[in-house]
There are 2 protein chains.
Amino acid sequence: MTEKTREKMIGGAALLISQRGVQGTSFSEVLELTDTPRGSIYHHFPGGKDELVAEAIALLGSVVSERIRNTEADRPEQVAEAFSKGWREFVEATDLKSVCVMSAVTVGAGADSEELLPAVAGAFASWRDALADAYTRTGLGKSDGRRLALTSVAALEGAMIVARAEQSMEPFDAVQQDLVTLARAAGDRK
Amino acid sequence: MTEKTREKMIGGAALLISQRGVQGTSFSEVLELTDTPRGSIYHHFPGGKDELVAEAIALLGSVVSERIRNTEADRPEQVAEAFSKGWREFVEATDLKSVCVMSAVTVGAGADSEELLPAVAGAFASWRDALADAYTRTGLGKSDGRRLALTSVAALEGAMIVARAEQSMEPFDAVQQDLVTLARAAGDRK
DNA sequence: GTCTATACGAAGATAGAC
DNA sequence: GTCTATCTTCGTATAGAC
């Protein structure tokens, strides 16, 4: 079950990174959480920690953009609401102890491994493009769609951080409501 | 010049934290950047690294909330614009290599020192209250003002992260424009 | 208040056996 | 593929002299 071990490690790393940051996540913790053998790390990830983190980025990047693409919506505000809802569920499921993996990697990227930033940027871009698509499909103009997509991503990344710090969902509620307002207003202008 | 050394260390730590994260910032780097004597660290900060980080949080917390309180604005959108402008200048001045200290601490907080989170939460609260005040002073209702304040903080925290990852100011532009739109719309509803 | 030296622990990474 | 053992580096923190 080679793939199983590898996948488990990646998933576990993603979860830990979102809760403790990249530098706060050690191999030992990943092994313990995922119940995987220490001897396998450098077999599965010859590139070491950076490679593991890169896989976690890729995993979350594709999961989320897939999810965006599968969103069914007739109106722009439904796109905003669905996107926000996905993150909200994640944050609540982890007891307000998580931020987005992308934020965690971005923050820790200055120390070493600046090479991970492009991977994060790629994930952000894929989310933004998928969101922009969804917005324009529900009637927004191209430039409104792209701008709203960018704002949606940024605002929710930030909401997760503020919510984690304050241990409160209020920032989330505020952002979600305002994103819906923006989307609706943009839709009405058409 | 006791205070000088201490202040320099705090300022340098704040800058490094915003660029490399908390765990990515070592005493050695702070000392090198600020040209301060190694022997003074535990004299000035008997609580060790946590105390230094706590001081950086306090410093930035009060600087920013002070700045918000000194903003002159007649209309809500001017509040949003001024707040956004402050962060934009910071990000551009550091060559798109920084995120907010509060984000950096929040991300790294899960690993150890969960005790720093309340300090971050306090800073966020002070910004939010100062912003909410500014919004209501320009005519918004209490609940609109508070919600918009929360969204402003979250969206800009996120904008800094996405901008850092993508090495682009576009997320910033999008967030700023949308915040202004929201503020203006809220003002017009009155 | 500042110095040097050092204790102590943790983490990433490698080597070689099985 | 997985194991154990170990190397090396680095960071925080402490001790004690000046």
Side-chain angles (χ1 to χ4, degrees), chain A residues 1-57 104-105 107-116 119, chain B residues 1-57 104-105 107-116 119:
Chain A
M1 290 294 107
T2 285
E3 286 310 287
K4 271 270 184 57
T5 296
R6 196 181 140 89
E7 301 308 315
K8 267 167 70 178
M9 284 178 172
I10 296 171
L15 185 63
L16 284 173
I17 287 169
S18 71
Q19 299 193 4
R20 319 159 98 84
V22 174
Q23 287 135 345
T25 300
S26 66
F27 279 138
S28 308
E29 287 169 308
V30 175
L31 297 174
E32 190 179 354
L33 174 70
T34 58
D35 197 36
T36 45
R38 172 169 293 270
S40 311
I41 296 183
Y42 285 89
H43 177 256
H44 291 299
F45 307 96
K49 192 175 182 179
D50 275 8
E51 187 177 347
L52 177 59
V53 175
E55 292 294 339
I57 294 169
V105 175
V107 165
D112 35 54
S113 57
E114 188 101 5
E115 312 96 45
L116 290 172
Chain B
M1 290 293 108
T2 284
E3 286 311 288
K4 270 270 184 58
T5 295
R6 195 181 141 89
E7 302 306 316
K8 267 167 71 178
M9 286 179 171
I10 295 172
L15 186 64
L16 284 173
I17 287 169
S18 72
Q19 299 193 5
R20 318 160 98 84
V22 174
Q23 286 133 345
T25 300
S26 65
F27 280 137
S28 307
E29 286 170 308
V30 174
L31 296 174
E32 189 179 352
L33 175 70
T34 59
D35 197 36
T36 44
R38 171 168 294 271
S40 311
I41 296 183
Y42 286 89
H43 177 256
H44 291 299
F45 307 96
K49 193 175 182 179
D50 275 8
E51 186 176 349
L52 176 59
V53 176
E55 292 294 337
I57 294 170
V105 175
V107 166
D112 34 54
S113 58
E114 188 100 5
E115 311 95 46
L116 290 172

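A, B, ... follow the sequence lines: proteins, then strands. Residue 1 opens every chain.
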Heavy-atom nearest nucleotide on DNA chain C for B:T36 versus A:R38: which residue maps closer to 5'?
B:T36

Starting from C1' on D:dG11, measure out to CZ on B:R20 and report it in whole angstrom.
14 Å

For C:dT2, does either OP1 or OP2 sit under 4.0 Å from a side-chain N or O belonging to B:S40?
yes

B:K4 atom NZ is separated from C:dT2 atom P, nearest whole Å, by 13 Å

What nucleotide among C:dT2, D:dG11, C:dG12 has an atom nearest to a side-chain atom of A:S26?
C:dG12

Quick one: pull up CG in A:L33 and NZ in A:K8 and give me the separation to the nearest 0.5 Å.
9.5 Å

Report yes if a side-chain nitrogen or oxygen of A:H43 is closer than 4.0 Å to either non-bridging phosphate oxygen (OP1 or OP2) of D:dC3; otherwise report no.
no

Tell me: NZ of B:K8 to C1' of C:dG1, nearest whole Å?
14 Å

Figure out the CZ/C1' separation between B:F45 and C:dG1, and round it to whole Å.
14 Å

Result of checking A:L15, A:I17, A:L16 against A:Q19 for side chain to side chain contact (heavy atoms under 4.5 Å, CB included):
A:L15

If each of A:S28 and A:P46 is mapped to the nucleotide of DNA chain C with the nearest heavy atom, which maps nearer the 5' terminus, i.e. the 5' end?
A:S28

Rounded to whole angstrom units, what separation is found between the OH atom of B:Y42 and the P atom of D:dG16?
17 Å

Nearest 0.5 Å, please: how far is CD in B:Q23 from NZ in B:K49?
7.0 Å

Looking only at heavy atoms, the pair that brings A:S28 and A:R38 closest together is OG-NH2, 3.0 Å

C:dA10 P sits how many Å from A:Q23 CD, rounded?
18 Å

Nearest heavy atoms of A:F45 and A:M9, plus distance in Å
CE1-SD, 3.6 Å

Could you state the atom-to-atom distance from CD1 of B:I41 to P of D:dG11 in whole Å?
12 Å

Tell me which nucleotide among C:dA13, D:dT12, C:dT2 gets nearest to the side chain of B:F27.
D:dT12

Separation of A:K49 atom NZ from C:dA10 atom C1', in whole Å?
11 Å

Any idea which of C:dG12, C:dT2, D:dT2 is nearest the A:P37 side chain?
D:dT2

